[in-house]
Each structure stands twice: as structure tokens, then as C-alpha cells.
There are 2 protein chains.
Amino acid sequence: MHPRYARIADELRAAILGGEIPVGTPLPSETVLAARHQVARGTVRQAVAVLAAEGLVGSRQGARRIVLGRERSQNFAVLHSFAQWARAAGHEVTGQVIEQRRRTADAAEAARLGLAVGDPVLRVLRLRRLDGAAALLERTVYAGWLAPAVERLPADCDSVTQALYESRGLVFAYGEHLIDAVAAGSEDARLLGVRRGGPLLRQRRVTTTREGRPAEWSDDRYRAGSVTFAIRNAAGALAVNPPG
Amino acid sequence: MHPRYARIADELRAAILGGEIPVGTPLPSETVLAARHQVARGTVRQAVAVLAAEGLVGSRQGARRIVLGRERSQNFAVLHSFAQWARAAGHEVTGQVIEQRRRTADAAEAARLGLAVGDPVLRVLRLRRLDGAAALLERTVYAGWLAPAVERLPADCDSVTQALYESRGLVFAYGEHLIDAVAAGSEDARLLGVRRGGPLLRQRRVTTTREGRPAEWSDDRYRAGSVTFAIRNAAGALAVNPPG
DNA sequence: GTCCCTAGCTTGTTTGGACAAGTTCTCTGC
DNA sequence: GCAGAGAACTTGTCCAAACAAGCTAGGGAC
């Protein structure tokens, strides 16, 4: 069973998304919500903190909380798994490994993955399609301890994240992401079907397990127009999601 | 005076950034920290929640918290003010208004700013330089009620956000940001000094006051290579900052 | 009618306690 | 030596209460 505050948050979120509490109007006060749900005020505060982190409501000391938006943020899942985001958004995702081989870590890879130079790693080049159209080129380096599990995956595996969770119970819990724009190189242009020198959205990321162990380092390039990152921030609390 | 939990968070952050608690090692337990700082456990939990939102530490029920990184996230300020971020990062920022005129809101602008079609707005085209080099082209639409304050600003105002805060006490508290890559149009190319069709990082944003009133809607285009967005996420809590 | 000021409301901070749920490590039995 | 059962520890959830700090509306003075 979900904890109490999560259920209260769900109920409030549904009310906001459903338009029962319109954008710009104040939420009921914490005291009122606490009485209505028969809980302590602290529990209500946990619930609204969730909504604030999603960017749905804002708050100022002394005044009632205000509804800021009507779009749900999927939080973080997005940045960890392209496939899981795309499916949730109703798109069809396919993937194809183009190249895969073991190597030893160079200085940059070792630093990113917390390894020593020369430690074994697995490099994978993967092309992903969104509704049939080439959308994303992933150049991923997996830490050596992950290599066997990744190599066992089929070449057309749609969701690596999900496959690793199911086969090894592995969860990519934390991540650091660098986002910028770059010109398409010749390989990028050929595989993504764009002009060389044209715009690509680049996301470089390091993903870490729940234990804090770096698992993968990746350079992902999205064809312009295929994906948009959405970030909502509410004075300290942030949420991320890519809308259609 | 900062609240108690903020001071504890500052102290822990300094210890992490200074390397006293190395990456990958566990934080002291909440009970230990509470005893050390002579506060209740709840206060310590608020402090570590701050660090978790910054992406510095992770947590799993039952196990001690783990230090994930050593880079500070500046949270949200970044997304609200280019000038304030750049100055904090040690860069010199200049700005120049290229075009500025009053208009009436079209359908798209009205929807973004919560206005009616035909309501007055102020459109501004602004070029910003980072250490002397053209870095960012801003196409901003201000809601009518903000127009007089914006028009009073000098054409070479470096930080609009700060100027509006000082002159009107206005704070841009909440924001929604869409980030993608686009090809430079002819005006983009000319003003930013890049090739037409070359890559630009685009950030479209709506900024809102503390009261939840939309204040500005902007299409910002960064020259590729001038800026990188950094996002760190820790299973639900997120932070954003653009590093050098 | 307008301006100011206060009373009441609302969120922010903190305490101290209790139990639940998950992890880690030790110690025992094989 | 190794695996499994616990014990001890750690984070997660929840409660009830109190005071601080900031906002808002209404009433009184002018």
C-alpha cells in the first residue's frame, strides 16, 4: 500500500489535472486538508511537497499555495530510460545495436565511471527509432562488471534499462546529465538521416546504481525536432519531463 | 538568520565539496548528526533533503546515505537569469536591446501568458554576450502590466531580472522550460555569428511571479558550445545548473 | 473615499516520540 | 568455509504540539 501522504498527493494531483482546482487559484489550507483526510499537518505537508517538486503548485510563507500548471511531470524516469518515457507517451520504440565491443577505459571514461585507466569496459553504439523514424543515436560505455549482462541482451532490445532490471534487479537510481546542441558529424548524419553539420540535441549522462556505483556513461544525440526536454522549477524544487 | 536545517545543510555540503566525506562513502547517520548538532532528527532530515535535491547524496531505506558527487548544483536561479548564472560562474556578461516594441498578443502568446488575444504585450529582441562573444539571442514577450517597467530599463541593461527586482520588487519565482535543438535561421545566424542552418540550443520558457501570474514568455537561442545545461536527478528530487 | 493598522489566517521551523520497513553484520550451525 | 537466522542499526512514515514569520482582509481614523 502506498503511504498516506502519497495517496493525498495523488488525490490533489487528480483534482488539479482534472481542473477541479483551476490554475491560479489557491489550494485548500494545510489545516483544512489535514482535517478532511484525518491526518496530522505534517503528513499534508509531505503531500504538497510532492506536488511542489512536480512544479504543479507554488508556495509563499503566509499565503495559500497556488496552482501553477496542469501538466504532469514524469519526474526523472525520462532521463534514465528513453524507451520507458516514449512508451508512456504513447510512442512505439525500437532499438538496434550497430556496434558492440569490449575495450579498456581511457582517462575520460575512467574518470566518469570511477574506474582506473585500463579497466575493462563495454562500448555500444545503438540507434533508436521513434514510431519508425530514426530519432536517437546512443554511444554508451558500460562499466566492466555490467558487460556480461549487457552482452546477453538481444541486439534489438527495446529497453535496456528494463531488461537489466528484470535480469539482474539493477536500478539506475541517480544520474547527472549535460545537455547542449552540437553539429551532426558524418556518422551521426548517416545514421540519423540528417544533413552533416545540422543541429542535434546532445545529452551526455552518467548513471549510477542505488548503491552509488557508476554503471554507464553515454553520449546520446537526438535528431532535432524528435524530442524536447521539459523542466519545471518552483524555487528550489524541480521536475523534468519531455512532452510530446 | 538562516534556519537551523539550512546551516546543517551548508556544513554537510562544505564537507562533501571539500572532500572530507569522499564520493561513494556513507554520510553519518541521522541520529549521529542530530546528536552532534543538538537538534531533533526531523531537522536533520530537512537538511539532508536539501542535499538530496541538489543531487549530492542519495538514500535508500535501511542503508546509510551515500555521497554521489562533488559538484554543487545552483538549483534554479540559472534557468531564470542568464546574467546571474554567468556572473556567479565568473564570466563577464553584457546585453544589448536590438528591437523593442509594443504589440497585441496573438493566440499563442495569450495562451502562454494567460492573457486574452489582443491584450497589450511588449516584444523585445536582445543579444547577450559572454566574455565579449555573442552567446545568446532572446526573443521575449512581456505581459502588458510589466511593459512600463521594462521600457524604463537602459538598452544595455546586463541583468533584466535583477533590475526588475530592484525597481519593482519583482521576483521570477516559477518557470517552465522547453529545451531542444534547432537550426539557426538567417537572423539567428547573422546576430550570433554562426552559419545558417548550424546548431543552436533553444530554451523556450514561461516565467511566473510568486503570486502565480505569468510575467514573460521567451524563446532563447544559445550558440552551440557557449552553454551547457546540467541536470542532476536522484530518484524524484532534481537540481539544475549550467557549469562552465 | 482613502489610507493605515491590526487581528486572524496560513505557511515555515522545530521538538520528541513511536513504529514500520529495509539493510548490514555477526554469530551460529552445518 | 559457507549459508542462514537474527540482532542491531538506519531510513521512512506519522503524530501532536508550539511558536515564528509573512500575508490578507476588514475596520477605524482621517
Side-chain angles (χ1 to χ4, degrees), chain A residues 1-12 21 24-53 56-68 169-171 173-174 209-213 234-237, chain B residues 1-12 21 24-53 56-68 169-171 173-174 209-213 234-237:
Chain A
M1 227 24 186
H2 287 274
R4 202 76 182 266
Y5 75 86
R7 273 180 287 165
I8 298 174
D10 289 344
E11 199 176 308
L12 284 172
I21 314 179
T25 61
L27 233 55
S29 77
E30 293 174 1
T31 320
V32 169
L33 288 171
R36 187 182 301 170
H37 291 88
Q38 297 278 299
V39 297
R41 185 162 76 105
T43 306
V44 170
R45 283 182 67 79
Q46 271 182 282
V48 293
V50 172
L51 301 183
L56 289 179
V57 304
S59 77
R60 303 139 65 200
Q61 180 172 150
R64 297 250 292 278
R65 283 168 207 277
I66 296 171
V67 176
L68 294 173
L170 199 65
V171 176
Y174 311 113
T209 68
R210 284 188 303 175
E211 291 79 21
R213 185 151 64 147
Chain B
M1 226 26 184
H2 287 275
R4 203 78 178 262
Y5 75 87
R7 274 181 287 165
I8 297 174
D10 289 343
E11 198 176 309
L12 285 172
I21 314 179
T25 62
L27 233 55
S29 77
E30 294 174 0
T31 320
V32 169
L33 288 172
R36 185 183 302 171
H37 290 90
Q38 298 278 299
V39 298
R41 183 161 77 104
T43 306
V44 169
R45 282 182 67 78
Q46 282 191 76
V48 293
V50 171
L51 301 183
L56 289 178
V57 304
S59 76
R60 305 139 66 200
Q61 181 171 152
R64 298 251 292 278
R65 284 169 206 277
I66 296 170
V67 176
L68 294 172
L170 199 64
V171 176
Y174 310 114
T209 67
R210 285 189 303 175
E211 292 79 21
R213 185 150 64 146

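What you see below is based on every heavy atom in this structure, not just the backbone, and it leaves out hydrogens, waters and symmetry mates. Labels below follow one simple rule: chain letters A, B, ... track the order of the sequence lines, proteins then strands, and each chain is numbered from 1.
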Contact under 4.0 Å: B/T43 side-chain N or O vs C/dT13 OP1/OP2: no

Phosphate OP1/OP2 of C/dG12 contacted by A/R45 side-chain N/O (<4.0 Å): yes

Candidates [options] - which lies nearest the side chain of [X]:
| X | options | result |
| --- | --- | --- |
| A/Q46 | D/dT10, C/dT14, D/dC14 | D/dC14 |
| A/S59 | C/dG12, D/dT13, C/dA20 | C/dG12 |
| A/V39 | D/dC15, D/dA21, D/dT13 | D/dC15 |
| B/Q61 | C/dG22, D/dC14, D/dC23 | C/dG22 |
| B/A40 | D/dA16, C/dT11, C/dG16 | C/dG16 |
| A/E30 | D/dC14, C/dG12, C/dT23 | C/dG12 |

Minimal non-hydrogen separation, A/R4 against A/H37, with atom names: NH2-O, 3.3 Å

Closest non-hydrogen atom pair, A/E211 against B/I66: O-CD1, 3.0 Å

Pair of N/O donor and acceptor under 3.5 Å linking C/dT23 base with B/R65 side chain: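 Per atom types, no contact qualifies.
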
base_contact_polar (D/dG12 base, B/R60 side chain, donor-acceptor, <3.5 Å): no

Nearest whole Å is fine: how far is [N] [atom2] from [X] [atom1]?
| X | N | atom1 | atom2 | value |
| --- | --- | --- | --- | --- |
| B/R7 | C/dT13 | CZ | P | 12 Å |
| B/R41 | C/dA20 | CZ | C1' | 11 Å |
| B/R4 | D/dA20 | CZ | P | 15 Å |
| A/R210 | D/dT10 | CZ | P | 19 Å |
| A/Y5 | C/dA20 | OH | C1' | 14 Å |
| B/R64 | D/dG12 | CZ | P | 13 Å |
| A/L51 | C/dT11 | CG | C1' | 15 Å |
| B/Q38 | C/dT13 | CD | C1' | 18 Å |

Residue whose closest nucleotide on DNA chain C lies nearer the 5' end, B/G62 versus A/V32: A/V32

Interatomic spacing from CZ in A/R210 to CD in B/Q61 - rounded to 0.5 Å: 11.0 Å

Pairwise distance CG(B/D10) to CG(B/L51) - rounded to 0.5 angstrom: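 Reported value, rounded in 0.5 Å steps: 9.0 Å.
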
Polar side-chain atom of A/R64 near backbone of A/L27 as donor-acceptor pair, under 3.5 Å: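 Indeed, once roles are kept as given, a pair shorter than 3.5 Å links the two residues.
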
